[in-house]
Amino acid sequence: MDWTHRLRLRNLQMLLSLAQTGNMSHSAEAMHTTQPGLSKWLKELEADVGMPLFERHARGLRPTAEGKALLAHARRIEAHLDNAREDMLRMREGGSGLVTIGFAGASSVDTVPMAVLRIREKLPTAHIRLLETKPEQLIEALSTGLMDIVVGPSELAAPDPQIRAEELYVEPIHLVARTDHPIFKLEQVGWPDVLRYPWALWAKGTPVRTAFDKALVLAGQAPPRAYVESNAATLTTTLLLNSDMIGVTSRRPAGRYRRMNLLSVIPLDLAVEGSITLYWREDAAYRLAVATALEGIREVVRAFADEDLHELTR
């Protein structure tokens, strides 16, 4: 008989507890069972699987490579069940289900918030959960089921076969500053002019920062000597609005800032581009809230492209 048929949710929770505590007695206490009983169950599971799942050390248990692989599956199952519980709870309360969207970097300024408004128009009772995190953590969260959708840099590797990817847009990177910044009094702006000022930069590893670092190399320029680095769009914008700092952003948020008369684009061509991709779990796309969110994100991207084309041709 297939050993997976004998696994129950409680067994997965026991497995996860052992990985978390690394201690048989602590896990037995947490799971309200006995240490001999938990030890016997683990030995039987390892016999069924045909491989050791934990290494036994004087200081406790440590997952083997095979154990880590099984734990990854257990975490995904647990996350799916958590999503199912919340989905059903929202529907029982008269809602349209739950969708969790992860994002990082400049997409937090424009694409994601505008997409949320579009989703709310289509599904007013949907529960939308937004999680901002580092780019390198997005795909892991999507793979484990903690997120349904990710809007992030195109360079993210997605080894999970359940993850689908669709490039949303490629666009130039711009320098920005507050509208009354002294830099705009110059007839021409060059690198020496902008590098005289302090900077508010995105953190290393973010798409905009990666593009900016590339622009510096192409221009043969050293990085700014004085700068603040952050992953938070609100913090960076506040710094730019209240100082002579110079910032870097992609065309979409730059255009939105300009229309709001907050920040203006500095006329210095960086000659670099950044791209943003939409990632989602195929096994989550059938849910109404997730499907609606995917549609809403695509619509926002198309609307911005039309708006951008109108500005260029008028």
- Note on the structure: S25 meets the side-chain contact (heavy atoms from CB on, under 4.5 Å) criterion, sequence neighbours left out, with N23, Q35

- Item | Residue pairs, two or more places apart or on separate chains, that pass salt bridge (Lys or Arg N to Asp or Glu O under 4.0 Å) and touch residues 150-160 | D160-R281

- Contacts of E66 that satisfy salt bridge (Lys or Arg N to Asp or Glu O under 4.0 Å) - sequence neighbours left out: none

- Message: Please enumerate all residues that pass side-chain contact (heavy atoms from CB on, under 4.5 Å) together with R298, with sequence neighbours excluded.
- Response: E166, L278, W280, L294, R302

- Hey, is CD on E55 packed in by over 12 heavy atoms from elsewhere, all under 6.0 Å? yes

- Message: Once salt bridge (Lys or Arg N to Asp or Glu O under 4.0 Å) is applied, what residue pairs with a partner in residues 216-238 remain, sequence neighbours excluded?
- Response: R209-E229

- Does A30 have any side-chain contact (heavy atoms from CB on, under 4.5 Å) partners at least two apart in sequence or in another chain, and if so, which? S17

- Task: For atom CD of E167, decide whether the heavy atoms of other residues, nucleotides or ligands shown that lie under 6.0 angstrom number more than 12.
- Result: yes

- Under the ring-ring contact (aromatic ring centres under 6.0 Å, His included) rule, collect the residues that match up with F212, sequence neighbours excluded. W199

- Item | Atom NZ of K122 with >12 non-hydrogen neighbours under 6.0 angstrom | yes

- Residues two or more places apart in sequence or in another chain: which of them pass side-chain contact (heavy atoms from CB on, under 4.5 Å) with K185? none

- Item | Flag, side chain of D193 to backbone of G190, donor-acceptor distance under 3.5 Å | yes

- Under 3.5 Å, is there a donor-acceptor pair linking the side chains of S27 and T21? yes

- Query: Any salt bridge (Lys or Arg N to Asp or Glu O under 4.0 Å) pairs touching residues 12-33, not counting sequence neighbours?
  - Reply: none

- Query: Who passes ring-ring contact (aromatic ring centres under 6.0 Å, His included) against Y197, sequence neighbours left out?
  - Reply: H181

- More than 12 non-hydrogen atoms from neighbouring residues, nucleotides or ligands closer than 6.0 Å to CZ on R56, yes or no? yes

- Message: Distance alone, cut at 3.5 Å: any donor-acceptor contact between the side chains of S250 and Y169?
- Response: no

- Message: Please check: side-chain N/O of T144 versus main-chain N/O of A141, any donor-acceptor pairing under 3.5 Å?
- Response: yes

- Message: Run the salt bridge (Lys or Arg N to Asp or Glu O under 4.0 Å) test against R120 and tell me which residues pass, sequence neighbours left out.
- Response: none

- Query: Do W191 and L216 come within less than 4.5 Å of each other through their side chains, counting heavy atoms only?
  - Reply: yes

- Task: Please collect all salt bridge (Lys or Arg N to Asp or Glu O under 4.0 Å) contacts where either partner lies in residues 168-178, sequence neighbours excluded, each pair once.
- Result: E171-R252, R178-D180, R178-D244

- Query: Would Y257 and S264 count as having a side-chain donor-acceptor pair, cut-off 3.5 Å?
  - Reply: no

- Query: Roughly how far, to the nearest 0.5 Å, is the CG atom of L288 from the CG atom of L123?
  - Reply: 4.5 Å

